[in-house]
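Below you'll find the structure, written out as structure tokens, and then a few comments.
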Amino acid sequence: MAEPGGGRPVTVSDVQQLVRRKDEIEAQIKACYELLEGQKGVGMHEPLVDAEGFPRADIDLYQVRTARHNIICLQNDHKALMKQVEEALHKLHAREKEKHARDEAEALAEAMSQNQSLPQAFAKVNAVTPGSPASVSGLQVDDEIVEFGSVNVNNFQNLQNIATVVQHSEGRPLSVTVIRAGRRVHVGLTPKRWAGKGLLG
């Protein structure tokens with residue numbers, strides 16, 4: 001079956017249209033059967049001649065023949081239409097599945113590219129003391145540090161590097177970049193003396 005509209009993808013309204021046509025044909029078939037029923041209950045196969053071989057006089061032969069002919073034609077149309085409905089539904093489902101798979105692939109690709117664009121972390125925050133400069137700046141436990149002032153993954157050797165930057169930056173804001181829940185977050189951190197130990201907490 002050529003798709004409705006010549007190569008245009010099947011839509012839900014196409015299927016609804018086919019189903020409407022199917023309903024119309026079924027109604028016409030029913031009307032023809034009712035007409036036969038009205039002719040002394042003559043069905044599709046009862047003889048139209050009497051015992052002597054003469055055309056029956058108790059029924060309208062023309063009407064019966066026309067109704068029988070119409071029923072046969074309509075049933076053929078109905079069969080062809082059902083096939084079209086089935087094919088259209090298959091195409092619709094196939095397209096839905098394809099779209100779903102494409103959406104999933106796109107979401108996956110996006111997640112992958114986001115992961116690739118995130119810089120490498122060299123340290124992880126495992127504790128933040130409440131009220132400390134680190135806590136005030138908004139640093140959180142499990143933040144992964146990718147930049148701490150001038151320290152980054154390329155020049156980081158050990159935590160002493162961070163301690164040195166902190167000592168040289170007392171009272172001056174430091175730019176700190178962390179990865180939090182898969183996103184890059186910038187924090188402004190000012191090392192300074194406070195009630196607790198160290199300049200950060």
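Note that the numbering runs from 1 along the sequence shown for the chain.
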- Note on the structure: Correct closest heavy-atom pair for G131 and V136 would be O-CG2, 4.2 Å
- Message: Quick one, L81 and Q84 - any side-chain contact, counting heavy atoms below 4.5 Å?
- Response: yes
- Return the set of residues passing side chain to side chain contact (heavy atoms under 4.5 Å, CB included) with E37 (not counting sequence neighbours), or none when no residue passes. none
- Task: Kindly write out the residues that satisfy salt bridge (charged side-chain N to carboxylate O under 4.0 Å, His left out) with R180, not counting sequence neighbours, or none if the list is empty.
- Result: D143
- Message: Under a 3.5 Å distance rule, please check whether R68 uses its side chain to pair with a backbone N or O of G43 as donor and acceptor.
- Response: yes
- Query: Got a sec, which residues hit side chain to side chain contact (heavy atoms under 4.5 Å, CB included) with R102, two or more places apart in sequence or on another chain?
  - Reply: E98, K99, E106
- Tell me, which pairs form a ring pair (Phe, Tyr, Trp, His ring centres under 6.0 Å) where one or both residues lie in residues 79-106, sequence neighbours left out? none
- Message: Taking V185 as the starting point, is it possible to reach V141 by hopping between hydrophobic residues whose side chains are less than 4.5 Å apart?
- Response: yes
- Quick check: does any side chain N or O of T129 sit under 3.5 Å from a backbone N or O of S132, one acting as donor and the other as acceptor? no
- Taking the side chain as C-beta and beyond, is there a heavy-atom pair between V128 and Q140 under 4.5 Å? no
- Task: Output the distance between atom CG (L35) and atom CD1 (I71), rounded to the nearest 0.5 Å.
- Result: 8.5 Å
- Set of residues satisfying side-chain hydrogen bond (donor to acceptor under 3.5 Å, both in side chains) with respect to E144, sequence neighbours excluded: none
Without placing hydrogens or testing angles, list every side-chain donor-acceptor pair under 3.5 Å for residues 23-31, not counting sequence neighbours.
| residue | atom | partner | partner atom | Å |
| --- | --- | --- | --- | --- |
| E26 | OE2 | K22 | NZ | 3.2 |
| E26 | OE2 | H78 | NE2 | 2.7 |
| K30 | NZ | E34 | OE2 | 3.2 |

- Answer yes if V12 and V10 sit in the same cluster of Ile, Leu, Val, Met, Phe, Trp and Tyr residues linked by side chain heavy atoms under 4.5 Å apart, and no otherwise. yes
- Message: To check you understand the geometry: which heavy-atom pair defines the closest contact between L36 and A67, and what is its length?
- Response: CD2-CB, 3.8 Å
- Message: Within the structure provided, determine whether K91 and P9 are in side-chain contact (heavy-atom separation under 4.5 Å).
- Response: no
- Query: What's the verdict on side chain to side chain contact (heavy atoms under 4.5 Å, CB included) for R172 and T190, showing C-alpha distance, side-chain angles and the deciding distance?
  - Reply: CA-CA 5 Å; R172 288 205 307 274; T190 307; 5.7 Å; no
- Could you go step by step and tell me if V176 and H186 meet the side chain to side chain contact (heavy atoms under 4.5 Å, CB included) rule? CA-CA 6 Å; V176 179; H186 295 287; over 6 Å; no
- Query: Does S150 have any side chain to side chain contact (heavy atoms under 4.5 Å, CB included) partners at least two apart in sequence or in another chain, and if so, which?
  - Reply: V165
- Message: I'd like to know whether F54 forms a side chain to side chain contact (heavy atoms under 4.5 Å, CB included) with V49, so could you lay out the CA-CA distance, the side-chain angles of the two residues, the decisive distance to 0.1 Å, and finally the verdict.
- Response: CA-CA 5 Å; F54 291 106; V49 291; over 6 Å; no
- Would you sort out whether E87 and K83 count as a salt bridge (Lys or Arg N to Asp or Glu O under 4.0 Å), showing the intermediate values? CA-CA 6 Å; E87 281 178 21; K83 200 163 154 30; 3.4 Å; yes
- Query: Roughly how far, to the nearest 0.5 Å, is CD of E147 from CG of N154?
  - Reply: 9.5 Å
- pair T177-R184: side-chain heavy atoms closer than 4.5 Å: yes
- Query: Counting distance only, does the side-chain N/O of N161 pair as donor-acceptor with the main-chain N or O of Q157 below 3.5 Å?
  - Reply: yes
- From M82 CE over to L18 CG, what is the distance, rounded to the nearest 0.5 angstrom? 10.5 Å
- Quick one: side-chain hydrogen bond (donor to acceptor under 3.5 Å, both in side chains) partners of T11, sequence neighbours excluded? S13, D14
- Would you indicate whether the side-chain heavy atoms of V64 and L48 approach each other to under 4.5 Å? yes
- Sort and list the pairs that fulfil ring pair (Phe, Tyr, Trp, His ring centres under 6.0 Å) and have at least one residue in residues 128-177, not counting sequence neighbours. F122-F156
- Task: Show your working on side chain to side chain contact (heavy atoms under 4.5 Å, CB included) between L61 and I59 and close with a plain yes or no.
- Result: CA-CA 6 Å; L61 286 176; I59 57 174; 4.0 Å; yes
- Item | side-chain hydrogen bond (donor to acceptor under 3.5 Å, both in side chains) pairs, two or more places apart, involving residues 41-57 | R56-D58
- By side chain to side chain contact (heavy atoms under 4.5 Å, CB included) - contacts of Q160 (at least two apart): N158, A163, T164
- Query: Nearest heavy-atom pair of P130 and S135: which atoms, and what distance?
  - Reply: CA-OG, 4.0 Å
